[in-house]
Amino acid sequence: MLTVSQLTSLQAILPVDRIHLDANMCKRYGQDWTRYTTPQAAAIVFPVSIEEVQALVRWANVAGVGIVPSGGRTGLSGGAVAAQGEVVVSLERMNRIDGFDPLARTVRCQAGVITAALQQFATDNGLYYPVDFASSGSSQIGGNIATNAGGIRVVRYGMTREWVAGLTVVTGSGEVLECNLGLAKNNTGYDFRHLFIGSEGTLGLVVEATMRLTDPPPATTVLLLALPRLEDIMAVFHAFRSALTLQAFEFFSDLALTHVLAAEHATAPLAERQPFYVLLELEAPTPDAEEQALQQFSRCMEQGWVTDGVLAQSQQQAKALWRLREGISAAITPFTPYKNDISVLVSQLPVFVTRLQALLTRDYPDFEVLWYGHIGDGNLHINVLKPVDWALADFQHACEQVNEQVFALVAEFAGSMSAEHGVGLLKRDYLAVTRSAADIALMRGVRAVFDPNGIMNPGKLLA
Ligand code: 2HG
Ligand code: ZN
């Protein structure tokens, strides 16, 4: 709750119809897709200009109120949750795309631009914005940048970081910084742009960005393959990648397939079920490439890595195969899954997954454990489903016990305890799995420079 004087000074910055205090709005905007924390926002505000964001940050410093920057709220680590009476600053009204530069192939976006709108803008201009994920219809560019979002084409195009040519930010102390000016070359010392990318709103707010666009991809071919053993997956990856350019290399387990088929009322894509499936999208600019794909498929069958497969015969079939992968997360949301989002070097994956499988089978005998993810990037999403008769707190506690073992294994393999979903609130206490004590101390120091009063997304990323 804001005090009367805090509210009065807030009302001097924004008109009352852009300050919301009612419980419904506070609940809706006070949380992201995470369901493990109770939202408790003091207010939701909707600035429409950089000047207003700056004024809000200055107000928060004086009033001593925390700010939670808010985009499409599709995050899965609690990074956009207001759990301790913060003011949520939603950037959704700042959603203009302009400043298209066809020669530089860049476009200026306000933070609240929806990912799909940027993708569409690029297409309308004969270009391509390649960062893509299931939530592209609601996630926003500012949030993508703050979390360095990844998704399904990282194996080909990298994370959001690769696509940010310039950034306008309001720091935690209320300064407006222009980072990198959209330039392709700019070697003038510390590049604050890269500090803000992935900073999860702890250094300030991203208010505008200059995004890079690229050539549209060539025609592609989509294949779904069935695998008896997870540890053979990287042999399949190697076979296809040596012969063709991969746009995506994703995987999911049969249990994940069962859930997505039930949720989407769809039928199994292959006659025979196997414990794991790989979904590949390959660049196929010529008929020769498709021939190559079939050759690699036969090779994988001969080796026994793959037992069955299907090659999409139309755009519609390709889309339907992709739904099987992209629909998983939404299909299991009703089961309040406990999520892990981990990665190791792809070269370590076969040994790592064998060890992880043994551990999860031993420690989660009573729960449904789903595997899926962007395996071509070494990124596994492990989701444990809550049995209906378990209380959320007990279930979380049980999962946290197993988490200790999972993260010990991740540390042993020098992997990441959050490959693409970010640290936020949910993974904050595990930061040391992947970052050294020296790293964490420097992160705190950096945070203090940009946000001396600790008003920016308090409690997230660093305790
Ligand atoms: C995906 O790859 C998303 O589908 C969500 O990153 C992952 O639900 C998850 O754990
Ligand atoms: Zn993912």
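Order of listing sets the numbers, starting from 1, for every ligand and every atom in it.
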Item to check | Shortest protein contact, atom 10 (O) of ligand 1 (heavy atom only) | outcome: Asn383 ND2, 3.1 Å

Checklist entry - Cation-pi between Arg108 and Phe100: NZ/CZ under 6.0 Å from ring centre and within 45° of the ring axis? => result no

Checklist entry - Does Leu205 reach the side chain of Val53, with side-chain heavy atoms less than 4.5 Å apart? => result yes

Checklist entry - Do Arg153 and Glu281 meet the salt-bridge criterion of a basic N to acidic O distance under 4.0 Å? => result yes

Checklist entry - Is the shortest side-chain N to carboxylate O distance from Glu162 to Arg212 below 4.0 Å? => result no

Checklist entry - What are the atoms of ligand 1, with element, lying closer than 4.0 Å to any heavy atom of His374? => result 2 (O)

Item to check | Worked check of ring pair (Phe, Tyr, Trp, His ring centres under 6.0 Å) between Tyr29 and Phe46 | outcome: CA-CA 11 Å; Tyr29 282 85; Phe46 294 92; 5.2 Å; yes

Checklist entry - Judged by non-hydrogen atoms, does Glu326 sit under 4.0 Å from ligand 1? => result no

Item to check | Test item, Tyr372 contacting ligand 1 (heavy atom, 4.0 angstrom) | outcome: yes

Item to check | Contacting atoms of ligand 1, where contact means under 4.0 angstrom from a heavy atom of Glu420 | outcome: 2 (O), 6 (O)

Checklist entry - Distance below 2.8 Å from the Zn ion (ligand 2): how many protein N/O/S atoms qualify? => result 3

Checklist entry - Is NZ or CZ of Lys427 both nearer than 6.0 Å to the six-membered ring centre of Tyr338 and within 45° of the ring axis? => result yes

Checklist entry - Where does the angle between the aromatic ring planes of His374 and His381 fall among parallel (under 30°), tilted (30 to 60°) and perpendicular (over 60°)? => result perpendicular

Item to check | Intermediate values then yes/no, ring pair (Phe, Tyr, Trp, His ring centres under 6.0 Å), Phe450 and Phe192 | outcome: CA-CA 10 Å; Phe450 283 91; Phe192 295 142; 5.5 Å; yes

Item to check | Top protein contact for atom 6 (O) of ligand 1, by heavy-atom distance | outcome: His421 NE2, 2.8 Å

Checklist entry - Any idea which protein heavy atom is nearest atom 1 (C) of ligand 1, and the distance to it? => result Arg325 NH2, 3.5 Å

Next on the checklist: Against ligand 1, does Leu76 come closer than 4.0 Å with any heavy atom?
Outcome noted: yes

Next on the checklist: Contact between ligand 1 and Asp341 is defined here as a heavy atom of the residue under 4.0 Å from a ligand atom; is it met?
Outcome noted: no

Checklist entry - Is the shortest distance from a Lys or Arg side-chain nitrogen in Lys460 or Glu200 to a carboxylate oxygen in the other one below 4.0 Å? => result no

Checklist entry - Can Glu272 and Gln274 be counted as having a side-chain donor-acceptor contact under 3.5 angstrom? => result yes

